[in-house]
Amino acid sequence: MRFLPALTRFAALGVAAVVGAAALTACGDDTSAAAENPYGLVQPGVLRAGTLTDAPPNVYLKDGKFTGFDNDLLTAVAEKIGLRVEFVGTDFSALLSQVNNRKFDVGSSSITITEARKKTVDFGNGYDFGYFGLDVPAGSPITGFDQLAGKRVVVVQGTVQDDYATGQKLDPVRVPDYNGALNQLRAGTADAWIAPAEIGEKSAADSGGKITVAAKQLSPTPTAYAVAKGNDALRAALDKGLDEVIADGTWSRLQEQYYPGRPVPADFKPGSGSVPVPGASAAAPSGSAAPSPSASS
């Protein structure tokens, strides 16, 4: 009967060895998974980007393909860091929370950096600047942003234009998308629409003279791609890729493609600010209006 304790000890040692081997295997799997997906993406190798469908020339659908300055730039940035982009349409009001909840790896929608938004997501380096536009019905007496008190002003919910209107205590009418804002103006249920300037200009041009652009002003902060809070690896990689596409001329080429002739404000430096910008348009004072301004949300 003496062999039983020895046998029991042998069995216990065998179980411990199996457990230890399993633990080592699990650790190896974790290491391997981290190596295959260093940026914590929804799908390794694929950058899943939340974007909009109705905000040209920045982000929009054309012939079933997501395109625009922001999205084409993101595609080029992703290529620099070895990733393929998969775009998915969403509403701007939900975009930042969807990014932070990891439904999307990145938000691409001319997202203006604000302190409030930094509480929800992290931002990469700025890649563009933008203007606010003020659209009004033809014949409106409104000619500037300083004449909106007491007026019915429409904005897209969650945008920087919403922030601006709220900060000015305008009690804006909030709609989920740009088409909704335009419809309010067309129907006469809003006196003015604070819009990303390029979208406002295009809407006015397509209105057959029913809508005009009353004013424009430069947005105070740049636009950037948004990533989930704490995803420093992805943020740093996107910043690196952005500097590379600035240096190789892609950023300047896309600027000219989507905003032909638009000068860059003298104090705006895309990316880290340390990379020369080949082919950039002549600088303009930051407070001046410029032709074909970009949209920002």
Side-chain angles (χ1 to χ4, degrees), residues 52 54-55 58-59 90-100 107 109-121 123 126 128-204 207 210-224 226 265 267-268 285-290 293-297:
L52 307 188
D54 63 346
N58 299 69
V59 287
T90 188
D91 290 333
F92 188 84
S93 60
L95 178 57
L96 297 187
S97 62
Q98 290 170 333
V99 169
N100 199 46
S109 183
S110 290
I111 308 168
T112 302
I113 300 171
T114 69
E115 291 303 315
R117 290 173 179 176
K118 287 180 181 179
K119 296 176 182 178
T120 303
V121 294
F123 288 100
D128 203 11
F129 57 96
Y131 289 78
F132 294 170
L134 184 62
D135 277 28
V136 297
S140 170
I142 297 173
T143 60
F145 289 88
D146 59 347
Q147 299 173 349
L148 298 179
K151 304 297 184 183
R152 188 172 172 85
V153 178
V154 64
V155 295
V156 174
Q157 182 177 357
T159 62
V160 70
Q161 292 83 29
D162 185 355
D163 294 342
Y164 172 83
T166 304
Q168 296 295 313
K169 304 186 185 307
L170 297 178
D171 192 21
V173 177
R174 297 178 176 87
V175 294
D177 55 37
Y178 294 109
N179 286 329
L182 183 59
N183 289 337
Q184 288 266 345
L185 210 57
R186 284 173 173 164
T189 53
D191 298 311
W193 170 27
I194 302 176
E198 177 66 19
I199 297 172
E201 286 194 334
K202 187 176 188 307
S203 299
S207 71
K210 296 179 180 178
I211 296 171
T212 63
V213 178
K216 292 183 288 189
Q217 68 180 38
L218 185 66
S219 177
T221 51
T223 61
D267 56 356
F268 175 74
S286 61
S288 65
S294 70
S296 59
S297 301

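Atoms considered below: every heavy atom in the structure, side chains included; atoms not considered: hydrogens, waters and symmetry mates.
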Using a 4.5 Å cut-off on heavy atoms from C-beta on, say whether the side chain of [Y] contacts that of [X].
{"X": "Phe132", "Y": "Ser219", "value": "yes"}
{"X": "Pro172", "Y": "Asp162", "value": "yes"}
{"X": "Lys118", "Y": "Ile113", "value": "yes"}
{"X": "Ile111", "Y": "Leu96", "value": "yes"}
{"X": "Trp193", "Y": "Ile211", "value": "no"}
{"X": "Asp135", "Y": "Thr212", "value": "no"}
{"X": "Thr159", "Y": "Tyr178", "value": "yes"}

Rounded to the nearest 0.5 Å, what separates atom [atom1] in [X] from atom [atom2] in [Y]?
{"X": "Ile194", "Y": "Gln168", "atom1": "CD1", "atom2": "CD", "answer": "8.0 Å"}
{"X": "Asp171", "Y": "Leu148", "atom1": "CG", "atom2": "CG", "answer": "13.0 Å"}
{"X": "Phe123", "Y": "Thr112", "atom1": "CZ", "atom2": "OG1", "answer": "8.5 Å"}
{"X": "Ser140", "Y": "Lys151", "atom1": "OG", "atom2": "NZ", "answer": "7.5 Å"}
{"X": "Asp177", "Y": "Thr90", "atom1": "CG", "atom2": "OG1", "answer": "11.0 Å"}
{"X": "Leu170", "Y": "Gln161", "atom1": "CG", "atom2": "CD", "answer": "13.0 Å"}

Please check if the side chain of [X] supplies one atom and the backbone of [Y] the other of a donor-acceptor pair under 3.5 Å.
{"X": "Asp191", "Y": "Val153", "answer": "no"}
{"X": "Glu201", "Y": "Ala197", "answer": "no"}
{"X": "Asn100", "Y": "Thr120", "answer": "yes"}

For [X] and [Y], which heavy atoms make the closest approach, and how far apart are they?
{"X": "Val213", "Y": "Gly200", "value": "CG2-O, 3.9 Å"}
{"X": "Pro137", "Y": "Ala190", "value": "CG-O, 4.3 Å"}
{"X": "Thr143", "Y": "Ala215", "value": "O-CB, 3.8 Å"}
{"X": "Val136", "Y": "Ala214", "value": "CG2-CB, 4.0 Å"}
{"X": "Ala192", "Y": "Ile142", "value": "CB-CD1, 4.4 Å"}

Chi angles and distances behind the side-chain contact (heavy atoms from CB on, under 4.5 Å) call for Thr223, Asn58:
CA-CA 11 Å; Thr223 61; Asn58 299 69; over 6 Å; no
Side-chain polar contacts of residues 181-188 - donor-acceptor pairs under 3.5 angstrom, sequence neighbours left out - could you list them?
{"from": "Asn183", "atom 1": "ND2", "to": "Asn179", "atom 2": "O", "distance (Å)": "3.2"}
{"from": "Gln184", "atom 1": "OE1", "to": "Thr189", "atom 2": "OG1", "distance (Å)": "2.8"}

Before giving the answer on side-chain contact (heavy atoms from CB on, under 4.5 Å), spell out for Asp163 and Arg117 the whole-Å C-alpha distance, their side-chain angles and the decisive distance to 0.1 Å.
CA-CA 11 Å; Asp163 294 342; Arg117 290 173 179 176; 4.0 Å; yes
By side chain to side chain donor-acceptor pair (under 3.5 Å), which residues pair with Ser93, not counting sequence neighbours?
none
Parallel under 30°, tilted from 30 to 60°, perpendicular over 60°: which one fits the rings of Phe145 and Tyr164?
perpendicular
